[in-house]
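Chain A is the first sequence line, chain B the second, and so forth, proteins listed ahead of strands; every chain is numbered from 1.
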Amino acid sequence: MRIATWNVNSIRTRKARVVDFLLRADIDVLAMQEIKCRPEQFPYDEFDAAGYEVIAHGTNQWNGVAIASRLPIDETVEGFDGMPGFGEADAEGLLPLEARALGASIEGVQLWSLYVPNGRELDHPHYHYKLEWLRALRAATDAWRGANPDAPVALMGDFNIAPLDIDVWDREFFEGRTHVSEPERAAFQGFLDDGFVDVVRERGVEGYTYWDYQQLRFPRNEGMRIDFILGNAEFDELVVDASIERDERKGDGPSDHVPVVVELDIETGLDDDRPMIF
DNA sequence: ATGACTAAGCGTCTTAGA
């Protein structure tokens, strides 16, 4: 069972490249971020023709997450308990909830497609939203794992955090900017403290997952490692291979992010009576 | 080539990305 995460930066613009990759890389499940569309705008036909079912969660032209799978999707969840909102408060003082989290149980594995808020600037309200969003996600994962202690869980997506100095091309360039600040790194570390493992880095995979479109960042290999697959111990022990698909940044019309892939040692399609895990 | 940003929306600029 091969699964991947990819910030596609508009699925309507990228549909041909994404479906081509799924088939070429033999991917069973893809968690997408930044689909930049509402569910009714998603290009389902292209995925269906390739044999993939899609669940999409989007509210407007920003954000948006989806999961494509050629294995049966048993349950799905939009957002998570305690997830904060952002923007203009409504009459009751509630902030709009953005489309940044989508969960699915597939072959008994709990998979999440996550698009962590960017943060924008260290003194911007979006930065505090980012930290609060991560705090709430961590609390929610504790609750799921408490309820399902044996289920493999993977948090997959664009975390918008570079945990280590080697995860950015120039640490000086990022001084005073988001993605490398101590609170953001502490928030990321919190998941590791809870027992999640960066299952890709753990297997010796190096390199960036994102290169800005501007200033020849990709040809100069001036990138960032901000897309991750964090698995609990039950997930980690299933992983037999991992990769960052750097070549997907090449050619015409690439996303600014590339796919991150893991292969799991799971015999698919054998168990028709898996327990519900949400 | 991996080459000097890209995407969406009521849109010919603005917002967002990171």
Interatomic distance at [atom1], [N] relative to [M], whole Å:
N       : M       : atom1 : value
dA4(B)  : dG9(B)  : C1'   : 26 Å
dA8(B)  : dA18(B) : P     : 15 Å
dT15(B) : dC10(B) : C1'   : 14 Å
dT6(B)  : dG11(B) : P     : 23 Å

Choose from [options] the nucleotide whose nearest atom is closest to any side-chain atom of [X].
X       : options                  : value
H179(A) : dG17(B), dA18(B), dT2(B) : dA18(B)
D212(A) : dA4(B), dT2(B), dA18(B)  : dA18(B)
Q61(A)  : dA4(B), dA8(B), dT2(B)   : dA8(B)
Q41(A)  : dA8(B), dG9(B), dT2(B)   : dG9(B)
W62(A)  : dA18(B), dT2(B), dA7(B)  : dA7(B)
E34(A)  : dT2(B), dA18(B), dA8(B)  : dA18(B)
Y213(A) : dA18(B), dT6(B), dA8(B)  : dT6(B)

For the residue pair [X] and [Y], does the interplanar ring angle fall in the parallel (under 30°), tilted (30 to 60°) or perpendicular (over 60°) class?
X       : Y       : value
H257(A) : Y210(A) : tilted
W211(A) : Y208(A) : perpendicular
Y44(A)  : F42(A)  : tilted

Could you tell me how far apart [X] ([atom1]) and [N] ([atom2]) are, to the nearest whole angstrom?
X       : N       : atom1 : atom2 : value
R249(A) : dT6(B)  : CZ    : P     : 9 Å
R12(A)  : dA7(B)  : CZ    : P     : 12 Å
F86(A)  : dT15(B) : CZ    : P     : 13 Å
L216(A) : dA4(B)  : CG    : C1'   : 4 Å
Q215(A) : dG17(B) : CD    : P     : 19 Å
R225(A) : dA18(B) : CZ    : P     : 17 Å
E121(A) : dT15(B) : CD    : P     : 15 Å

With a 4.0 Å cutoff (strictly under), does any side-chain N or O of [X] reach OP1 or OP2 of [N]?
X       : N       : value
S10(A)  : dT6(B)  : no
Y115(A) : dA18(B) : yes
R120(A) : dG17(B) : yes
N9(A)   : dA7(B)  : no
R217(A) : dT6(B)  : no

Which part of the nucleic acid does [X] contact within heavy-atom distance under 4.0 Å: base, sugar-phosphate only, or nothing?
X       : result
D256(A) : nothing
D252(A) : nothing
T13(A)  : sugar-phosphate
G251(A) : sugar-phosphate

Under 3.5 Å, is there a donor-acceptor pair between the [X] and [Y] side chains?
X       : Y       : answer
S243(A) : E245(A) : yes
N9(A)   : K36(A)  : yes
E248(A) : S255(A) : no

(request) Take N60(A) and Q214(A), find for each the nucleotide of DNA chain B with the closest heavy atom, and name the residue whose nucleotide sits nearer the 5' end. (result) Q214(A)

(message) With nearest nucleotide decided by heavy atoms, which residue, P254(A) or Y210(A), maps closer to the 5′ end of DNA chain B?
(response) P254(A)

(message) Would R145(A) and F196(A) count as a cation-pi pair here, with the cationic atom under 6.0 angstrom from the ring centre and within 45° of the axis?
(response) yes

